[in-house]
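Computed over heavy atoms, backbone and side chain alike; hydrogens, waters and symmetry mates excluded. Along the sequence shown, residues are numbered consecutively beginning with 1.
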Amino acid sequence: MTKLRVGVVGAGMIGRDHVRRLTSVVAGAEVVAVADVDESAAAQVADACGATVRPGDRLIEDPDVDAVLVCSWGGTHEEYVLAAIAAGKPVFCEKPLAPTPEACLRIVEAEVARGHRLVQVGYMRRYDPAYRALRRELDSGSIGAPLMMHCAHRNAGVPGFYRAEDMIADTAVHEIDMVRWMFRTEVVAVRVLRPRASGNAGDLPDPMLLILELAGGVLVDVEISVNVRYGYDIRGEILGENGTAALGESGLVAVRRDGRLASPVAGDWRERFGAAYDAELRSWVTGLREGAAADGPSAWDGYAAATVSAAAQSSLRTGERVLISEIAKPALYDGSTST
Ligand code: ISE
């Protein structure tokens, strides 16, 4: 088959990184059009890969665009994803799918009305070799039935525009999606606790602790720290009835020297999850070229994560435990958390 012709909406940091992937890492795709509210940013990216610059809505309608990659600011995702669904085109949308459960639901409803899956959401941890190995271990039954999971998600620092809610909507949302996928079940309640704030945190409620209650009784605690300074650090350990399994530090060299043991710590998520980003886009492109059934994180997964995220943001404001209420899962998404 000829190459998949991709139109990219959003030429910011993650958009540029995905364009690099589609042009030099993933086989079988080419970037043919780029859109951004900042036309000069779009032109710079487009020039580098021989693409044309188009406004987002025109790019999606363009008959020369087979599939759409949405990497623009989160508040614009709904409009572009709905336009892609209306045009009948596959669309990969960066996380979160949309800022509110209501907006995600409109996407789910549009896709269900269309009758087949077109949307994939950029929850790349599902493609990370360490998380996949952990899930295989859990599935093997080697540690017995799971009881708890301990997670930490630490950023060295965050940009100036990052707000308190972003600690959940932009950061913890990765763990929210990951645990649904890891344990193949839904989150039923959430509570956010706050220790005293770090002196590095400015106005942010940093760190914070999310307690996620899963259907079936597994409890997950997630530490979110976004100003740890020492690097980007992602941890996860599952306690089972007969043992524990934790994310390994794959590919790291441990140096013992001068009475000390040292290993590098990643600087940011692009470094820590580089292989996962490559794998998610490779899977998207290959699946579309081969006409395979969509199996990546779905619009339903985007909706479910947004629902838990909204409940956690409410708990952050009130300090209360919040029950999660979701609509019934449409049949279109049966089996969609298997990737
Ligand atoms: C960022 O948007 C990401 O998606 C990263 O994975 C996360 O670690 C970071 O906190 C977010 O701001």
Side-chain angles (χ1 to χ4, degrees), residues 4-10 14-15 18 33 35-37 54-124 126 169-170 173 176-177 180-181 186-187 280-281 283-285 287-289 291-311 324-339:
L4 183 77
R5 298 168 304 173
V6 180
V8 177
V9 181
I14 189 75
H18 281 330
D36 196 284
V37 277
R54 295 250 197 296
D57 49 352
R58 299 260 302 283
L59 174 152
I60 292 168
E61 290 165 0
D62 188 333
D64 289 336
V65 168
D66 301 319
V68 181
L69 187 62
V70 176
C71 308
S72 50
W73 170 66
T76 64
H77 287 182
E78 179 187 1
E79 169 195 349
Y80 293 127
V81 173
L82 287 176
I85 295 172
K89 294 191 181 177
V91 52
F92 181 103
C93 180
E94 259 310 323
K95 48 67 59 172
L97 177 58
T100 63
E102 294 75 23
C104 292
L105 195 51
R106 288 191 284 274
I107 292 172
V108 164
E109 285 166 353
E111 193 178 40
V112 168
R114 191 90 205 182
H116 61 276
R117 281 196 49 193
L118 288 166
V119 181
Q120 177 164 332
V121 186
Y123 283 118
M124 79 296 183
R126 297 180 182 215
D170 195 45
V173 74
I176 292 171
D177 177 68
R180 295 183 56 254
W181 166 81
E186 295 297 339
V187 180
E280 69 171 359
L281 280 193
S283 156
W284 183 62
V285 168
L288 291 178
R289 291 184 76 220
D295 68 349
S298 66
W300 173 260
D301 294 317
Y303 162 73
T307 304
V308 180
S309 167
I324 315 291
S325 68
E326 284 175 359
I327 63 152
K329 184 168 160 180
L332 182 65
Y333 303 107
D334 282 349
S336 72
T337 53
S338 58
T339 293

Determine the minimum heavy-atom distance between Trp300 and Glu326, stating which atoms define it.
CZ2-OE1, 3.7 Å

Residue among Arg289, Arg5, Lys89 satisfying salt bridge (charged side-chain N to carboxylate O under 4.0 Å, His left out) with Asp66
Arg5

Go through the steps for Val65 and Val6 under the test side chain to side chain contact (heavy atoms under 4.5 Å, CB included), then give the verdict.
CA-CA 6 Å; Val65 168; Val6 180; over 6 Å; no

Crowded around Arg114 CZ? As in, over 12 foreign heavy atoms under 6.0 Å?
yes

Return the OG to CG distance between Ser283 and Leu288, rounded to the nearest 0.5 Å.
9.0 Å

Using the salt bridge (charged side-chain N to carboxylate O under 4.0 Å, His left out) rule, take Arg54 and Asp62 through it: C-alpha gap first, then chi angles, then the decisive distance, then the call.
CA-CA 9 Å; Arg54 295 250 197 296; Asp62 188 333; 2.6 Å; yes

Test item: Phe92 and Leu281 side chains (from C-beta on) under 4.5 Å apart, heavy atoms
yes

Mind checking whether Cys93 and Gln120 have side chains closer than 4.5 Å, heavy atoms only?
no

Nearest 0.5 Å please: distance from the CG atom of Leu105 over to the OG1 atom of Thr100.
9.0 Å

Is a side-chain donor-acceptor pair under 3.5 Å present for His18 with Glu94?
yes

Please examine the side chains of Val91 and Tyr80, heavy atoms only from C-beta on, and report whether any two atoms are closer than 4.5 Å.
no

Gap separating the OG atom of Ser298 from the CG atom of Leu332, nearest 0.5 angstrom
8.0 Å

Testing the basics here: between Pro99 and Gly74, what is the closest heavy-atom pair and its distance to 0.1 Å?
CD-O, 3.6 Å

Give a yes or no on whether a salt bridge exists between Asp301 and Arg180, defined as a side-chain N under 4.0 angstrom from a carboxylate O.
yes

Under 3.5 Å donor-acceptor, Tyr303 side chain and Ile327 backbone
yes

Please report the closest heavy-atom contact between Gly296 and Arg117, naming both atoms and the distance.
O-NH2, 2.9 Å

Any Lys/Arg nitrogen of Asp177 or Lys95 sitting under 4.0 Å from an Asp/Glu carboxylate oxygen of the other?
no

Contact summary for Val8 and Cys71, nearest pair of heavy atoms:
CG1-SG, 4.5 Å

NE2-SG distance between His77 and Cys104, expressed to the nearest 0.5 angstrom
10.5 Å

What is the distance from atom CD1 of Ile85 to atom CZ of Arg106, rounded to the nearest 0.5 Å?
12.0 Å

Derivation of the side chain to side chain contact (heavy atoms under 4.5 Å, CB included) call for Asp36 and Val9:
CA-CA 6 Å; Asp36 196 284; Val9 181; over 6 Å; no

Reported CD1-to-OG distance for the pair Ile176 and Ser309, which is rounded to 0.5 angstrom:
5.0 Å

Do Tyr333 and Glu111 have a side chain donor and acceptor closer than 3.5 Å?
yes

